[in-house]
Q: 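Okay, here's the structure, questions in a sec.
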Amino acid sequence: MISRAGHIFLIAIIIILFTGIDLRSQSSHPGYNFKHINVQNGLTQNNVYRFLEDSRGYMWFGTHNGVTLHDGNKAMNFLHNPQIKSSIAGTFITSILEDSSQQVWIGNENGIDRFNRHSFSFTHFGVDRDNGEKENAYCVALGFIKANELWFLDTKTKAMRSLNTK
């Protein structure tokens with residue numbers, strides 16, 4: 001019977017063997033090309049909390065300072081500007097999703113925004129409240145249950161809600 005120390009030693013040897021095999025197989029593929037994206041070459045912030053590769057191959061990076069759209073060569077940043085209604089409504093990006101119509105939806109501390117690919121602008125969706133008004137609230141987009149039904153977390157009421165996207 002092997003002691004506890006013996007088991008740990010055996011597991012460590014197995015991990016080292018498999019790690020060594022994995023490293024050798026990676027080094028045999030010299031065609032890998034890694035690109036480092038940071039503030040110096042376009043990101044709004046170096047800490048990325050959310051990301052999405054959309055159906056067109058573009059990368060979306062959500063930070064606590066806005067969202068960056070990267071096409072593989074250059075970056076375009078979207079920041080909240082209170083003087084421009086079509087800018088993204090918040091800077092603290094909580095989620096990035098794409099629907100079946102290839103529209104990108106971004107959750108943030110002020111609600112949910114839909115990106116317009118033609119005008120490079122955003123349409124804002126606040127949260128419906130019981131009194132009939134819309135409120136800007138911290139939202140996390142969770143996913144689409146149906147083509148036009150976006151489920152999200154409304155952190156103010158601590159409830160899952162749905163947004164009819166039509």
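None of these values were measured; they are calculated from a predicted model.
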Q: Would a 4.5 Å heavy-atom cut-off, applied to side chains only, mark Val104 and Trp60 as touching?
A: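 Side chain of Val104 against side chain of Trp60, heavy atoms only: contact under 4.5 Å found.
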Q: Before giving the answer on side chain to side chain contact (heavy atoms under 4.5 Å, CB included), spell out for Ile96 and Phe51 the whole-Å C-alpha distance, their side-chain angles and the decisive distance to 0.1 Å.
A: CA-CA 7 Å; Ile96 308 171; Phe51 67 91; 5.7 Å; no
Q: Looking at side-chain heavy atoms only, is the closest gap between Leu79 and Thr44 below 4.5 Å?
A: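 With C-beta onward as the side chain, the pair touches.
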Q: Side chains of Thr68 and Asn77: donor-acceptor distance under 3.5 Å anywhere?
A: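 Side-chain D/A pair, Thr68 to Asn77: present.
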Q: Less than 3.5 Å apart, any donor N or O on the side chain of His124 or Asn110 sitting next to an acceptor on the other?
A: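 No, Asn110 and His124 have no side-chain donor paired with an acceptor closer than 3.5 Å.
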Q: Between the side chain of Asn65 and the main-chain N/O of Gln45, is any donor-acceptor distance below 3.5 Å?
A: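 Not confirmed, Asn65 side chain does not pair with Gln45 backbone.
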Q: Side chain of Ser101, backbone of Gln103: donor and acceptor closer than 3.5 Å?
A: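 Checking the backbone N and O of Gln103 against the side chain of Ser101, no donor-acceptor pair under 3.5 Å is found.
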Q: Is there a side-chain contact between His64 and Tyr49 in this structure, where contact means two heavy atoms from C-beta onward sitting under 4.5 Å apart?
A: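 Yes; the side chains approach each other to less than 4.5 Å.
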Q: Cut-off 3.5 Å, side chains only: do Asn148 and Asn164 have a donor facing an acceptor?
A: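 No, no side-chain donor-acceptor contact under 3.5 Å.
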Q: Nearest 0.5 Å, please: how far is CG in Leu150 from CG in Leu97?
A: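 Output value for this atom pair is 6.5 Å.
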Q: Please report the C-alpha distance between Thr165 and Trp105 in whole Å, then the side-chain angles of each, then the deciding distance to 0.1 Å, and finally whether the side chain to side chain contact (heavy atoms under 4.5 Å, CB included) criterion is met.
A: CA-CA 10 Å; Thr165 62; Trp105 297 82; 3.5 Å; yes
Q: Can you name the nearest heavy-atom pair linking Ala141 to Ser95, along with the distance?
A: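 Ala141 and Ser95 have their closest heavy atoms at N-OG, 2.8 Å.
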Q: Is the number of heavy atoms from other residues, nucleotides or ligands within 6.0 Å of CG (Asn131) greater than 12?
A: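 Atom CG in Asn131 is packed in, count exceeds 12.
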Q: Please step through side chain to side chain contact (heavy atoms under 4.5 Å, CB included) for the pair Phe78 and Asp113, ending with a clear verdict.
A: CA-CA 12 Å; Phe78 299 100; Asp113 291 293; over 6 Å; no
Q: Spell out, as yes or no, whether a donor-acceptor pair under 3.5 Å connects the side chain of Thr155 to the backbone of Lys158.
A: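 Flag not set: sc Thr155 to bb Lys158 has no pair under 3.5 Å.
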Q: Where do Arg129 and Asp154 land on the salt bridge (Lys or Arg N to Asp or Glu O under 4.0 Å) test, with the steps shown first?
A: CA-CA 11 Å; Arg129 296 296 180 210; Asp154 174 6; 2.5 Å; yes
Q: Mind checking whether Tyr58 and His70 have ring centres under 6.0 Å apart?
A: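 No, the ring centres sit 6.0 Å or more apart.
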Q: Can you tell whether the side chains of Glu98 and Arg117 come within less than 4.0 Å, N to carboxylate O?
A: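 Yes, charged N to carboxylate O under 4.0 Å.
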Q: Kindly say whether Asp128 contributes a backbone atom to a donor-acceptor pair with the side chain of Arg161 at under 3.5 angstrom?
A: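 Checked: pair present.
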Q: Take Phe144 and Glu149 through the test side chain to side chain contact (heavy atoms under 4.5 Å, CB included) and record every step on the way to the result.
A: CA-CA 6 Å; Phe144 287 87; Glu149 190 174 347; 5.9 Å; no
Q: Scan the side chains in residues 82-93 for donor-acceptor partners under 3.5 Å anywhere in the protein, sequence neighbours excluded, and list what turns up.
A:
{"residue": "Ser87", "atom": "OG", "partner": "Asn81", "partner atom": "N", "Å": "3.0"}
{"residue": "Ser87", "atom": "OG", "partner": "Asn81", "partner atom": "O", "Å": "3.1"}
{"residue": "Ser87", "atom": "OG", "partner": "Ile84", "partner atom": "O", "Å": "3.0"}

Q: Verify whether the ring centers belonging to Phe122 and Phe115 lie closer than 6.0 Å.
A: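 Yes; Phe115 has its ring centre under 6.0 Å from that of Phe122.
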Q: Could you tell me if the side chain of Phe125 sits less than 4.5 Å from the side chain of Arg114, heavy atoms only?
A: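 Answer yes - side chains close enough.
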